[in-house]
Amino acid sequence: MPETPVLYVLNGPNLNLLGVREPHIYGRETLADVQALCEAAAGGAKVVFRQSNHEGELVDWIQEARTKATALVINPAAYSHTSVALLDALKALTIPVVECHLSNPAAREEFRRHSYVSLAATGIVSGFGAHSYELAVKAALRLARERSASPAR
């Protein structure tokens, strides 16, 4: 693991509207609030925090993380349920991937209960609002540390 871990935190469509869009589901925190929470939770790790409403851009960033990141946290938002492209990009990673959701998709509409991204995720954190990100960041970095500390096989 590099001396300074690099954590990518990627956010999918409509997350730029956090705090405004359906606050009764997603909370009142803005995406800037979530970024600050992630940076604080990451300790000394460098956080690359990005959001896009475009699937291809998210794929490009996942591919970039292949060579630049120690771990990845992704809130794919609606792409969780539709994007085989994100799944395929994530399957090319060898770093820990933590899927993150503000709400609990399992407690929502039927179509939200399936996530393609989950098939490539090391773990999933959901249902804790913005706190989900803090938990996901800590989990991703811990998994990365554990992997770097284990002897090569």
With sequence neighbours left out, the residues meeting side-chain hydrogen bond (donor to acceptor under 3.5 Å, both in side chains) with N53 are Q51
Not counting sequence neighbours, which residues clear side-chain contact (heavy atoms from CB on, under 4.5 Å) with V48? List them please. V6, Y8, K46, R50
Residues pairing under salt bridge (charged side-chain N to carboxylate O under 4.0 Å, His left out) where one sits in residues 5-19, two or more places apart or in two chains, turn out to be none
For residues 79-100, which residue pairs pass the salt bridge (charged side-chain N to carboxylate O under 4.0 Å, His left out) check, not counting sequence neighbours? none
Least distance between heavy atoms, P76 atom then P13 atom: O-CD, 3.5 Å
State the CG-CG distance between N14 and N16, to the nearest 0.5 angstrom. 6.5 Å
Is there a continuous path of hydrophobic side-chain contacts, each under 4.5 Å between heavy atoms, that joins V125 to L31? yes
Ignoring hydrogens, what is the shortest heavy-atom contact between L102 and A130? Give both atom names and the distance. CD2-N, 3.5 Å
Looking only at heavy atoms, the pair that brings Y79 and L58 closest together is CD1-CD1, 3.7 Å
Return the orientation label for the Y133 and F49 ring planes: parallel under 30°, perpendicular over 60°, tilted otherwise. tilted
Which atom pair, heavy atoms only, marks the closest approach of V97 to L90? CG1-CD2, 4.0 Å
Please answer: with hydrophobic residues joined when any side-chain heavy atoms are less than 4.5 Å apart, are F128 and V9 in the same cluster? yes
Applying salt bridge (charged side-chain N to carboxylate O under 4.0 Å, His left out) as the test, list every pair that has at least one member in residues 6-20; sequence neighbours left out. none
side-chain hydrogen bond (donor to acceptor under 3.5 Å, both in side chains) with D33: which residues, sequence neighbours excluded? T30
Gap between atom CG of L86 and atom CD1 of I62 - 0.5 Å precision: 4.5 Å
Residues in side-chain contact (heavy atoms from CB on, under 4.5 Å) contact with A85, at least two apart in sequence or another chain: E55, V59, S83
S52: side-chain hydrogen bond (donor to acceptor under 3.5 Å, both in side chains) partners, not counting sequence neighbours: E57
All heavy atoms of A42 vs all of V47, minimum pair found to be CB-CG2, 3.5 Å
Once you round to the nearest 0.5 Å, how far does CZ of R147 lie from OG1 of T94? 7.5 Å
Would you give the length of the straight line joining atom CH2 of W61 to atom CD1 of I74, rounded to the nearest 0.5 angstrom? 10.0 Å
Donor-acceptor check, side chain of S132 to backbone of C100, threshold 3.5 angstrom: yes or no? no
Say you draw a straight line from CG of L10 to CG of N75; how long is it, rounded to the nearest 0.5 Å? 10.0 Å
Quick one: closest heavy-atom pair of P5 and E3, and the distance? CD-O, 3.5 Å
Report, one line per pair, each donor and acceptor closer than 3.5 Å where one atom sits in a side chain of residues 134-144; sequence neighbours left out.
residue	atom	partner	partner atom	Å
E134	OE1	H131	ND1	2.8
R142	NE	E146	OE2	3.0

When you measure from the side chain of T122 to the backbone of V98, do you find a donor-acceptor pair of N or O atoms at a distance under 3.5 Å? no
Just wondering, do V34 and L15 contact through their side chains at under 4.5 Å, heavy atoms? no
To the nearest 0.5 Å, atom CD1 of I95 lies from atom OG of S148 at 13.0 Å
